[in-house]
Amino acid sequence: MLEGDRELLSTSFLSVLVGTILSILVSGLVGLIISLPDFGTEILSRTQPTLIDLLIAIAAGGISGYAKIRPEIGDAISGTAIAVALMPPLCVIGLGIAQGSREIALGASLLYVTNLIGISLACIMIYVLGGYARSSELARTLSWGVTLALIAMLAMPLGISFWQLTNYSRVGDSVEELLVSQSLVDRPDIQIENIEIDWRKKPPVALISVRATQTISPKEVALVEQNLLNELKIPFKIIFDVSPTNLVESE
């Protein structure tokens with residue numbers, strides 16, 4: 001891009017495109033063979049990119065670019081930095097497609113594009129600072145304009161995603177505080193062990209793992225849902241995962 005070499009640019013673009021398609025196809029095939037029953041945290045964490053992910057991609061691109069102009073460092077560092085930024089979201093895209101999850105695939109696609117653009121921008125900056133592009137050459141290309149325009153386009157969805165994650169974390173802490181510190185269910189035998197909230201569902205589903213000596217009735221679950229709605233003004237679908245507990249004392 002900096003040298004205005006169209007032939008090399010087209011070859012590089014084709015290389016990235018073929019690598020992207022092959023990665024998605026292979027990960028999708030693996031997903032079809034394994035048929036994951038559920039998505040774990042490693043997959044879900046790569047479906048909601050934020051501005052922090054963009055900064056990480058820029059850092060990885062900076063390291064890669066510096067390694068390229070310093071041959072004594074070696075290609076292993078740049079290859080590793082790029083691989084850890086690009087391959088995980090590509091694999092999640094394939095797994096999402098294999099499981100028919102459009103939301104997973106689209107979220108991972110946004111992360112992949114974010115990392116790809118961030119790496120490209122960082123490499124351009126490093127090469128310019130390293131003296132590999134003269135001002136006249138830089139002026140004749142659209143590399144800066146195109147890259148900055150794409151960064152601007154990404155900033156809005158990434159900013160919204162970051163705000164959503166921050167808000168989800170705040171609400172999740174409030175839910176946990178209300179359930180643990182306040183007796184929303186007037187049952188002294190219930191002990192809360194873990195709370196997981198699936199924000200992808202509408203309304204959000206809160207899976208609450210508890211220990212109790214007696215079963216929890218649907219009416220009590222409805223009471224918890226209503227109390228949370230009154231306190232947080234957000235409707236929740238509550239599911240209790242109850243582990244029975246037997247209290248044994250000496251005679």
Which residues share a side-chain hydrogen bond (donor to acceptor under 3.5 Å, both in side chains) with E103, sequence neighbours left out: none
Taking only distance into account, with no hydrogens and no angle test, what donor-acceptor pairs under 3.5 Å do side-chain atoms of residues 9-21 form with protein atoms, sequence neighbours excluded?
unit_1 : atom_1 : unit_2 : atom_2 : d
S10    : OG     : R6     : O      : 3.2
S10    : OG     : E7     : O      : 2.7
T11    : OG1    : E7     : O      : 2.9
S12    : OG     : L8     : O      : 2.9
T20    : OG1    : V16    : O      : 2.7
T20    : OG1    : Y112   : OH     : 2.5

Heavy-atom closest contact (A98 atom, G28 atom, distance): CB-O, 3.4 Å
Beyond-backbone contact of L116 with L86, side-chain heavy atoms, under 4.5 angstrom: yes
Sub-4.5 Å side-chain heavy-atom contact between P204 and D198: no
What side-chain donor-acceptor pairs closer than 3.5 Å can you find for residues 236-243, not counting sequence neighbours?
none

Note, L95 side chain near Q99 side chain (heavy atom, < 4.5 Å): no
Same apolar cluster (I L V M F W Y, side chains within < 4.5 Å links), I208/I197: yes
Test item: I104 and V92 side chains (from C-beta on) under 4.5 Å apart, heavy atoms: yes
Between CG on residue L90 and CD1 on residue I24, distance to nearest 0.5 Å: 5.5 Å
Nearest-0.5 Å distance, CD1 of residue I119 to CD1 of residue I124: 12.5 Å
For L229, all residues meeting side-chain contact (heavy atoms from CB on, under 4.5 Å), sequence neighbours excluded: Q226, P235
Donor-acceptor contact present, side-chain N115 to main-chain A85, <3.5 Å: yes
Closest approach of A105 to I97 (non-hydrogen atoms, all atoms of both residues): CB-CG1, 4.1 Å
Pairing residues for L110 by the side-chain contact (heavy atoms from CB on, under 4.5 Å) criterion, not counting sequence neighbours: P49, T114, L154, P157, L158
L111-I43 co-clustered via ILVMFWY side chain contacts under 4.5 Å: no
Any residue meeting side-chain contact (heavy atoms from CB on, under 4.5 Å) with S27, in chain and number order, not counting sequence neighbours: C91
Euclidean distance, E196 CD relative to L207 CG, rounded to 0.5 Å: 6.0 Å
Donor on one side chain, acceptor on other, N227 and E225, under 3.5 Å: no
V221 with V205, same ILVMFWY side-chain cluster at under 4.5 Å: no
Heavy-atom pair with the smallest gap, counting every atom of G61 and A122: C-CB, 3.6 Å
Atom pair OG/CD1 of S120 and I58 - distance to nearest 0.5 Å: 11.0 Å
